Number of protein chains: 2
Amino acid sequence: MSDAAEVLISQCRQAGQRITAPRRIIADVVAKADDHPDVPEIYRRVAEIDPTISLSTVYRTVKIFASTGLVERHSFAGGRARIEPASEVHHDHLFDIESGAVIEFRSDEIERLQALVAKELGFELTGHRLVLYGRPLARKARRARKP
Amino acid sequence: MSDAAEVLISQCRQAGQRITAPRRIIADVVAKADDHPDVPEIYRRVAEIDPTISLSTVYRTVKIFASTGLVERHSFAGGRARIEPASEVHHDHLFDIESGAVIEFRSDEIERLQALVAKELGFELTGHRLVLYGRPLARKARRARKP
DNA sequence: CTGAAACTGCAACTCGTTTGCAAAAGCAGA
DNA sequence: TCTGCTTTTGCAAACGAGTTGCAGTTTCAG
């Protein structure tokens, strides 16, 4: 079990949750995922380790992890939520519309402006969601595209 | 029927769609909505004018309007999509987490930085989604409307 | 080692949204 | 106007991600 997974598990225990075999496995899978998988994908990876673990359990566990702040759920495109282990450092996401891949980035400048905008509108900023959608810049040949 | 609704239905006709009574009514409701209603809410408003119009028709019509670029669908929180008539001027949204109200805003500075970030990551920015979540700073006269 | 409380698998359910179908209506052209 | 070919509609059933009730299983404090 990875380091990160152990942190996840121990934090889970501290949150008053019981540590079970399914949760260990799910924590492990989530902790080592660097590609923002969705729940069915996590389920697939979990099933490779223990096929008896059910999809509901994966949903339930991810939900618990999320409510304890151990993982984050994002919705980039399509209906299903994509999961990533929570990180200390806040970041936003760039969604590659051609491959569905997700790139993380961070812009203090944008963050600063967001807070400013909210304040000007008379609001205390409690959170935000910024997703950029884009396609890879073709260096040599242009791809087929719409105008 | 409002001006904006007439524009909507005439553009709809130009897109090769037939103009029907349900579509007129839905166009009217959507065109005069300034509060980003969700589809069930649009259905409610439509039903006040003609209760025989079905929810499916509202969904279908909103979908057509969206695919023709006449209205936009956003997802701020919760599962349901919220609708607004398309506007020439691009803007982002601030979501009042206390009332569910949506405030539109625009920041050229943020837009500029977004394109810059994307470019630095090797992407052509094709779109973005920025939603700020916040709560009202001071207790003032609030004119928030729920969906 | 025990047993109350928490957890699990399963199937059934929710809820926003979509779809198959037969009936109804729009919109050319005659 | 009327005709007839499409498109559109209402209904109900279907969909898909996610949730939940239940009964049996497991955890872990004592």
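Since the structure is predicted, the reported quantities are computational estimates derived from the model, not experimental observations. Below, chain A is the first sequence line, B the second, and so on; all start at residue 1.
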Residues that [X] engages under side chain to side chain contact (heavy atoms under 4.5 Å, CB included), provided they are two or more places apart:
X: Ala4(A); answer: Ser2(A), Ala31(A)
X: Ile97(A); answer: Phe95(A), Tyr133(A), Arg135(A), Thr126(B)
X: Arg106(A); answer: Val89(A), His90(A), Asp108(A)
X: Ala115(A); answer: Leu125(A)

Next on the checklist: What range of DNA chain D does chain B touch, first nucleotide to last, counting atoms under 4.0 Å from its heavy atoms?
Outcome noted: dT6(D) to dA12(D)

Item to check | Listed once per pair and sorted, the salt bridge (charged side-chain N to carboxylate O under 4.0 Å, His left out) pairs that draw on residues 75-97 of chain A, sequence neighbours left out | outcome: Asp38(A)-Arg80(A)

Item to check | DNA chain C contacts made by residues 10-19 of chain B, counting heavy atoms under 4.0 Å | outcome: Arg18(B), Ile19(B)

Checklist entry - Counting only non-hydrogen atoms, which of residues 55-66 of chain B are less than 4.0 Å from DNA chain C? => result Leu55(B), Ser56(B), Tyr59(B), Arg60(B), Lys63(B)

Checklist entry - Which residues pass the ring-ring contact (aromatic ring centres under 6.0 Å, His included) test with His74(B), sequence neighbours left out? => result Phe76(B), His93(B)

Checklist entry - If you look only at pairs with a residue in residues 40-72 of chain B, which of them pass as a ring pair (Phe, Tyr, Trp, His ring centres under 6.0 Å), with sequence neighbours excluded? => result none

Item to check | Five-pair end axes of the helix from dC1(C)-dG30(D) to dA30(C)-dT1(D) and the angle they enclose, rounded to 10° | outcome: 30°

Item to check | side-chain hydrogen bond (donor to acceptor under 3.5 Å, both in side chains) pairs, two or more places apart, involving residues 60-69 of chain B | outcome: none

